[in-house]
Amino acid sequence: MRIATWNVNSVGARLPRLVPWLEETSPDVVALQETKTATFPVAEVAGLGYEVAHSGDGRWNGVAILSRVGLADVENELAGHPEPRLVSAQCGPLHVHSLYVPNGRALGDPHYDYKLAWFASLSEQLASRHTPDQPLVLMGDLNVALHDEDVWDRSVFDGSTHVTEPERAAVRRLLDWGLVDVEARPGKGDRAFTYWDYRAGMMHKNLGMRIDYVLATASVPVVDAYVDREARKGKGASDHAPVVVDVDL
DNA sequence: ATGTCGGAATTGTTCCGA
């Protein structure tokens, strides 16, 4: 079974890249983030055999799960947080969450506190509804670089979000509950970045960040994991690359 | 590093968010 996560930065704008990518990569389950629409283009992926669970209300945020191995028990609520940033479903043998964690914007910005509160609510809801002995994955854009090596130059991030101890502790709380950080094979150099800013030739210089994750319980046997850098290249690319994971379920 | 995107309203340019 092949699963993947991809922040597409608008599913409408990304359809000319998403559809061929689905055909070539052939994932069974895909978690998408930043769909940026209220109406997911269901018909365009239904032809490839995918059912869709989508939570989106307009120009910002929006998350989806595409599955061709079944889609049941869809939920999209996170207590106290109305923005569409979480959708979960049972996809065949695997329970799947697609997450788009708030960016945080800047230290001292109310959005940073909102980010930490959102993480806390996620941990609480996860623990209240699931147990770590079930096959379950959290996939998505966590907007946190868990280790200093997950950004191209840690010194650039002094005083910035994504690398602070509270943000990293929020991710470790998820891991401590019973999830493994499925680190992808490096695609270039020795680091598996998943995001490169559109500006300043960051992709070309490989100045990226690892902020998109697949977190899996121990009962999800991982066979392989890679970052699809090709999807980040060329005309009409998202600023994030997909993470693709093969599991033996 | 701040060189680009994407969406929408204040439209054929400006703004916000990332």
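What you are looking at is a predicted structure, and each value in this text was computed from that prediction instead of being measured. Chain A is the first sequence line, chain B the second, and so forth, proteins listed ahead of strands; every chain is numbered from 1.
Distance noted for atom P between B:dT10 and B:dG6: 23 Å (whole Å). Distance check on atom C1': B:dA1 versus B:dC15 gives 23 Å, rounded to whole Å.
Taking the side-chain contact (heavy atoms from CB on, under 4.5 Å) definition, one finds that A:Pro102 meets it with A:Arg85, A:His111, A:Tyr114, A:Lys115, A:Trp118, sequence neighbours left out. With sequence neighbours excluded, no residue forms a salt bridge (Lys or Arg N to Asp or Glu O under 4.0 Å) with A:Arg232. Every residue was checked against the salt bridge (Lys or Arg N to Asp or Glu O under 4.0 Å) condition with A:Glu23, not counting sequence neighbours, and none meets it. For A:Glu230, the salt bridge (Lys or Arg N to Asp or Glu O under 4.0 Å) criterion is met by A:Lys233, not counting sequence neighbours. By the salt bridge (Lys or Arg N to Asp or Glu O under 4.0 Å) test, A:Asp148 is found to be paired with A:Arg154, A:Arg168, residues two or more places apart in sequence or in another chain being considered.
The list of salt bridge (charged side-chain N to carboxylate O under 4.0 Å, His left out) pairs with a residue in residues 100-109 of chain A, not counting sequence neighbours, is empty. Pairs of residues two or more places apart, or lying in two chains, that qualify as ring-ring contact (aromatic ring centres under 6.0 Å, His included) and include a residue from residues 86-105 of chain A are A:His95-A:His97, A:His95-A:His130, A:His97-A:His130.
Linking Ile, Leu, Val, Met, Phe, Trp and Tyr whenever their side-chain heavy atoms come within less than 4.5 Å puts A:Leu174 and A:Tyr213 in one cluster.
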How does protein contact run along nucleotides 6-18 of chain B, one letter per nucleotide 5' to 3', with B for base contact, S for sugar-phosphate only, - for none, heavy atoms under 4.0 Å?
-> BBS-------BSB
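Contacts of residues 144-162 of chain A with DNA chain B (heavy atom under 4.0 Å): A:Val156.
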